[in-house]
Each structure stands twice: as structure tokens, then as C-alpha cells.
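All values below come from the heavy atoms of this structure, side chains included, with hydrogens, waters and symmetry mates left out. Whatever order the structure lists them in is the order used to number ligands and atoms, beginning at 1.
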Amino acid sequence: MFKEAMYINGEWVSASEMIDVRNPADGTVIGQIPFGGEKEAQQAVDAAWNAFPGWSALTADERGKLMRRWYELIEEHTDELAKIMTTEQGKPLKEAAGEIAYANSFIGWYAEEGKRVYGETIPASSPNKRILVTKQPVGVTAAITPWNFPASMVTRKAAPALAAGCTIVIKPSEETPYTALKLAELAHEAGIPAGVINIVTGDSSKIGAAWQADSRVRKLSFTGSTAVGKKLMEGAAQTLKKLSLELGGHAPLIVTANADLDKAAEGVILSKFRNAGQTCVCTNRVYVHESVAETLSSKVADLAGKLKVGSGLEQGTEIGPLINEKAAQKVRRQIEDAVQKGGIVLTGEQPGQEQEGPYVRPTVITNVHDDMLCMNEETFGPLTPITTFKTVEEAVERANDSSYGLAAYVFTEHLGEAVRIAEALEYGIVGVNDPLPSTAQAPFGGFKESGLGREGGHFGIEEFLEIKYISLGL
Ligand SMILES: NC(=O)c1ccc[n+]([C@@H]2O[C@H](COP(=O)([O-])OP(=O)(O)OC[C@H]3O[C@@H](n4cnc5c(N)ncnc54)[C@H](O)[C@@H]3O)[C@@H](O)[C@H]2O)c1
Ligand SMILES: O=C[C@H](O)CS(=O)(=O)O
């Protein structure tokens, strides 16, 4: 089931050292991957460099056809890909299959979008000149991706890159390499030429450093924590690479007095507990108007308490294990801190109670205050802190008081209030009565320290293009 090799220049390559990959559900070793480093990183760039002229010389239509075939093979192998993902990442099988479809939607979207990379002509100020503006692929690109979405974080970069005519070297997370390797296997089967896509596994620092220093790599696209993103931004400056950074989040969710409370409670559950709370756009903080706080909180606690916790491979599981014990302990530390500061646990884990390793029960805490860890630090787990507000202005001010600016949510049935709040929130993505805004045709990305650039939609392909203007002297 697991490809235990790197994919470089159309070949499956090993390394002298191998490292274990574990199943988060029980900590067992499910396989190994090569512990590649600088040499393999270099070989991958060599392959991408040599493949670039041929790939970029194809028409967008020819590239689109190969991408379409890749899309069809991924669709045919959804069950196998989902099983691989759940085994290495832990999310419930149903969610894994959903992610495969989401990941594939980027390939489907960009297989077509590549044909719409339009230029323009500009009226020249001189009668003897003509100005043509064209766009061309940046060249060899590098992508470094996280463990929480092992498929979609890869295709959200590879799809626009390939459609634009770029080639790509990818380093998936060492926690979840097998999904990316399977995607590469299917790309190979689809006929995408050797060197166009390359997957290197292993020493993230050495591989990252090699790609940052290599002037042939013209673009670095990273998804992961803000801390690592800042390091990579520094490194990319060595050769002034184009940069896309999709980083951490700390999403506020505002429920006004005009909200439909059933819709809002359902929205909290969907936005908070997807992937056991391990998404960059998960609700991290709930702000509810004081007049409806008690009703909203009990609805959320009631729904959260019914969520089934277990192994992602078990039928009916809704909340899988967190990626590892360390991640679970971080969530438990936030729960403990909140309770010590007066928080009230309505459902879920009480400090001091029996803990179940990486399985954290969906937890809802009220009587929350802004000085608690969970209101300031990305949780990345199934914890919902609920705090109250008196005025919408206060809620927006507190929601914006963060170094993050990725996603935010507002629930209200009052249109004017919805528009005013959405416009005032300093976030790149705002869900108005919509807890699941992410989609291939829209620009995904954040303000402030949540990142640079956008992925998805026509914005996403621009990140892999250079603009050239040709001045014709007549
Ligand atoms: N904005 C988004 O779209 C988005 C999506 C998913 C996850 N995230 C963020 O990612 C974080 C969780 O994912 P994670 O734990 O994998 O993040 P991480 O930053 O620890 O790791 C992300 C990737 O970077 C690699 N990496 C780590 N240190 C590196 C270095 N020095 N040089 C090169 N590569 C290095 C890792 O091996 C992994 O492949 C959270 O903060 C989450 O918010 C953001
Ligand atoms: O964790 C980050 C992902 O980008 C979340 S989503 O699946 O794109 O919403």
C-alpha cells in the first residue's frame, strides 16, 4: 500500500538511511521512507530543471489533458488514497475521502485554468511602438507541505504550477509522506513526464536549505507553521525567490444576537472539529452576544458531546486521534490553563481526569477570558472556548486582536450586520453563515502573520507566472 521511496526524475529512489512512519491511532510503525538530504534535494532540482523546457513548451491544452488523466486516476483510486491518508494521518476515512476529492478539485480546476493565462496589449504613447504584455512560467518551483492535509496541500501547489508550465520539487511532511508519494505514482501513470513532479522525503532542514540556496529554484511555496514560514522567508531571500506562505491561523467565530442559533451551533461544530480541530481555518475562539450565550453554548456542548471519538479506520468515527501525543498534550495544557483561570468545562476533558493518549474528547469551555492560552495560541485540536460580548464593535475589536489573519466566521441573519462585520474583520477568508468556505475556485490565504499570496482560483496560478512586457519598435 505504501511507496517506500522518493520519486525523482521519474524513478523510485531510496537513500542509505530510512526513517519510520507511524500510525497516529496506535503509534505502530506502518512503514519507512528514505531519509533524503542535500544530495537528493539537488538531484530533484536537476530533474525539474531538465524537464522544464519540454514541459513549458507544451501548450496549455496538452498540459491540461495530462492533468485531466491524473485527475481521473486519482478519482479511480480514491478509496486506496483515503486508506493511506487515514493510516498515516489519523483522520476518519470519510473525511480522508473528502480531502481526496477536495485535493483533486484543484487538479480539475487548474487543468482548465492554464488555458486562461491571458496577456494584454496596452496603447503605446508613441505611434511607433506596440506594447504587448505576456505571462510565462517562473520555472522550477519548490513546495514544502504539512501533515494535516497530506493530499490537498500538495495539489493546491502542484496543480497551478504544472498548469502554468512550471516543474516542481515537493517535500511532504515526514509524518504523512505516503499520500504524496501515491499522488506522484498516479501522475507517472497518467503520463506526466519524468522530472515534472519530484518528491523528496527526509531531512526537512537540509532539503529546505538546499532548495532555498539553489538559484534555479525560482519559487518557494510553503504551507505550515508561521515559525517555519518566517525561517523559509529569510532563506528564500538569498536568491530572491517568489514566495507563497500559507501559515498558522487562529480563527474567531462571532455569533450575534441576530443569529440563527441552530445554524450557528452547527457551524461551530463543522468549523471547529473537522480533522479533530487540526486545520488552519478551524474556529479557535467563539464570541457570542451575551443575550444568547447560554442557549448557544448548550447547543454547541450538546452537539460536541455526541461526536464519536476513535480510530479513523473504524466505522462511524467522527473525531480521530491527533497527529501525536505532543499535539494532544498542547490541547490539554490549554484546557488546564483555561480551567485554572475560571473556565467551565460544559463537555469533554476535565483536567485530572483519565486521558487517552492522542485521543482528545471534543471539549467546550465557557466563562472564557482573553488572557487564557486558548484565546491567544493556535490550538490545533478539538477545544472550543466560548466568550461573550456586549456590542458588535467590541466583538470585532477582540476578534482582530491577533497576529493571525487567516479565516474568521460570523453568524447573523441580519444582512447589513453581516456585511459590516465581514468588511471590518482583518482576515483573508470570512465565512458568513458558512463554516466551510474553502474551495478550489476561491483565493485561500491570510492577512498579517498567516501568510503571503493566495492559493486557488485564478489568483493561485498567478503565483507561478512572471509578467513580461514586450515593447515593439516599428
Ligand atoms: N494556511 C494554511 O493553508 C495551512 C494549512 C495547513 C497547515 N497550516 C499550519 O501548519 C501548522 C501545522 O503543520 P505542521 O506541524 O506540519 O507545520 P510545520 O511548520 O512544523 O511543518 C510544515 C512542513 O515544513 C517542514 N519543515 C519544518 N521545519 C523546516 C525547516 N527548517 N526547513 C524546511 N522545512 C521544514 C516540515 O517537515 C513539514 O513538511 C499549523 O500552524 C497550521 O496552522 C497552515
Ligand atoms: O489546514 C489548512 C487547510 O488549508 C484547510 S482547508 O481544507 O483548505 O480548509
Side-chain angles (χ1 to χ4, degrees), residues 19 33 35-38 41 89 91 95-96 98-103 105-106 142-157 170-177 180 199-213 220-236 244-251 270-271 274-284 322-324 326-327 330 377-381 404-407 409 427-429 431 434-440 442-456 460:
I19 53 172
I33 48 162
F35 191 62
E38 188 180 349
Q89 196 272 342
K91 67 180 69 176
E95 263 195 57
E99 189 197 330
I100 299 299
Y102 173 57
S105 71
F106 288 97
I144 297 174
T145 56
W147 51 260
N148 62 338
F149 286 86
S152 51
M153 296 305 100
V154 168
T155 60
R156 202 162 74 178
K157 299 170 189 310
I170 302 167
K171 193 210 74 68
S173 172
E174 53 284 6
E175 310 260 9
T176 56
I199 311 266
V200 181
T201 59
D203 188 325
S204 55
S205 304
K206 289 201 175 118
I207 296 166
W211 288 349
Q212 289 167 74
L220 175 63
S221 180
F222 170 72
T223 295
S225 62
T226 294
V228 174
K230 288 179 176 178
K231 267 194 232 169
L232 294 174
M233 186 173 188
E234 283 172 23
S244 292
L245 299 173
E246 295 289 351
L247 305 178
H250 199 254
L270 288 172
S271 159
R274 181 162 68 104
N275 200 15
Q278 300 171 118
T279 95
C280 56
V281 292
C282 276
T283 289
N284 225 106
L322 300 197
I323 191 68
N324 52 41
K326 186 172 158 231
K330 174 181 175 183
E377 180 187 276
E378 184 175 37
T379 300
F380 236 57
Y404 291 110
L406 188 55
Y409 307 90
Y427 290 82
I429 303 163
D434 178 4
L436 301 172
S438 306
T439 183
F444 186 105
F447 291 13
K448 303 182 200 176
E449 297 191 23
S450 284
L452 293 172
R454 293 296 183 270
E455 294 186 326

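- Asn275 and Glu99 share no side-chain donor-acceptor pair at under 3.5 Å.
- Heavy-atom proximity to Cys280, at under 4.0 Å, picks out these atoms of ligand 1: 1 (N), 2 (C), 3 (O), 4 (C), 5 (C), 8 (N), 43 (O), 44 (C).
- In summary, Arg274 and Glu95 do not engage in a salt bridge, as defined by a charged side-chain N under 4.0 Å from a carboxylate O.
- Near Asn148, meaning under 4.0 Å from one of its heavy atoms, ligand 1 places the atoms 6 (C), 7 (C).
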Go ahead and list the nitrogen or oxygen contacts between ligand 2 and the protein that come in under 3.5 Å, distances to 0.1 Å, or just say none.
from     : atom 1 : to     : atom 2 : distance (Å)
ligand 2 : 1 (O)  : Asn148 : ND2    : 3.0
ligand 2 : 1 (O)  : Cys280 : N      : 2.8
ligand 2 : 4 (O)  : Arg156 : NH1    : 3.1
ligand 2 : 4 (O)  : Arg156 : NH2    : 3.3
ligand 2 : 7 (O)  : Arg274 : NH1    : 3.1
ligand 2 : 8 (O)  : Tyr102 : OH     : 2.7
ligand 2 : 8 (O)  : Arg156 : NH1    : 3.1
ligand 2 : 9 (O)  : Arg274 : NH2    : 2.7
ligand 2 : 9 (O)  : Ser438 : OG     : 2.6

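- Checked against salt bridge (charged side-chain N to carboxylate O under 4.0 Å, His left out), Arg156 has the following partners two or more places apart in sequence or in another chain: Glu455.
- The CE atom of Met153 sits 8.0 Å away from the CD atom of Glu246 when rounded to the nearest 0.5 Å.
- Of all the atoms in ligand 1, the ones that sit under 4.0 Å from a non-hydrogen atom of Ser173 are 39 (O).
- Between atom 13 (O) of ligand 1 and the options Gly208, Pro146, Ala142, Gly445, the minimum heavy-atom separation is to Pro146.
- Summary of contacts: the protein heavy atom closest to atom 39 (O) of ligand 1 is Thr145 O, 2.6 Å.
- Minimum interatomic distance between Tyr102 and Ser438 (heavy atoms only, all atoms of both residues): OH-CB, 3.5 Å.
- Atom 5 (C) of ligand 1 has as its closest protein heavy atom Thr223 CG2, 3.1 Å.
- Atom CG of Leu247 sits about 8.5 Å away from atom CG of Leu406, to the nearest 0.5 Å.
- Summary of contacts: the protein heavy atom closest to atom 17 (O) of ligand 1 is Ser225 N, 3.4 Å.
- Once rounded to the nearest 0.5 Å, the distance linking OG1 of Thr145 with CD1 of Ile199 reads 8.0 Å.
- Of the inter-residue distances, the one linking Phe149 atom CZ with Thr155 atom OG1 reads 11.5 Å to the nearest 0.5 angstrom.
- Nearest protein neighbour of atom 25 (C) of ligand 1, counting heavy atoms only, is Ile144 CG2, 3.7 Å.
- Considering every non-hydrogen atom in both Phe380 and Cys280, the closest pair reads CE1-N, 3.8 Å.
- Considering only non-hydrogen protein atoms, atom 1 (N) of ligand 1 sits nearest to Leu247 O, 2.7 Å.
- Nearest non-hydrogen protein atom to atom 29 (C) of ligand 1 is Val228 CG1, 3.6 Å.
- Partners of Phe444 under the ring-ring contact (aromatic ring centres under 6.0 Å, His included) rule, at least two apart in sequence or in another chain, do not exist in this structure.
- Counting atoms of ligand 1 from 1 in the listed order, those under 4.0 Å from a heavy atom of Glu246 are 1 (N), 2 (C), 3 (O), 4 (C), 44 (C).
- With respect to atom 31 (N) of ligand 1, the closest heavy atom belonging to the protein is Ser205 OG, 3.8 Å.
- Applying the side chain to side chain donor-acceptor pair (under 3.5 Å) test to every pair with at least one member in residues 222-232, sequence neighbours left out, gives these pairs: Lys157-Thr223, Lys230-Glu449.
- Here Glu174 has side-chain heavy atoms under 4.0 Å from ligand 1, and that is the only part of it that gets that close.
- The two residues Ile144 and Gly208 make their nearest non-hydrogen contact at CD1-CA, 4.3 Å.
- Close approach of ligand 1 to Leu232 is summarised as follows: ligand atoms under 4.0 Å from at least one heavy atom of the residue are 32 (N), 33 (C).
- Taking each of Pro150, Ala407, Ser204 in turn, the one with a heavy atom nearest to atom 32 (N) of ligand 1 proves to be Ser204.
- The part of Pro172 lying near ligand 1 is the backbone, judged by heavy-atom distances below 4.0 Å.
- Expressed to the nearest 0.5 Å, how far CG of Asn284 lies from OG1 of Thr379 amounts to 4.0 Å.
- At a heavy-atom cutoff of 4.0 Å, ligand 1 is contacted by the side chain of Leu406 but not by its backbone.
- Of all the heavy atoms in Ala251 and Tyr409, the pair that sits closest is CB-CE1, 3.8 Å.
- Gln212 approaches Leu220 most closely through the heavy-atom pair CG-CD2, 4.4 Å.
- Contact annotation: Trp147 has at least one heavy atom less than 4.0 Å from an atom of ligand 1.
- The protein does not reach atom 21 (O) of ligand 1 closely, with no heavy atom under 4.0 angstrom from it.
- Of all the heavy atoms in Ser450 and Gly405, the pair that sits closest is OG-N, 2.9 Å.
- In this structure, CG in Leu452 is found 11.0 Å from OG in Ser221, a value given to the nearest 0.5 Å.
- Of the heavy atoms in Arg156, only side-chain atoms (C-beta onward) come closer than 4.0 Å to ligand 1.
- Contact annotation: for Glu378 versus ligand 1, heavy atoms closer than 4.0 Å belong to the side chain alone.
- Looking at Phe222 against ligand 1, only its side chain comes within 4.0 Å, counting heavy atoms.
- Atom 9 (C) of ligand 1 has as its closest protein heavy atom Gly224 O, 3.1 Å.
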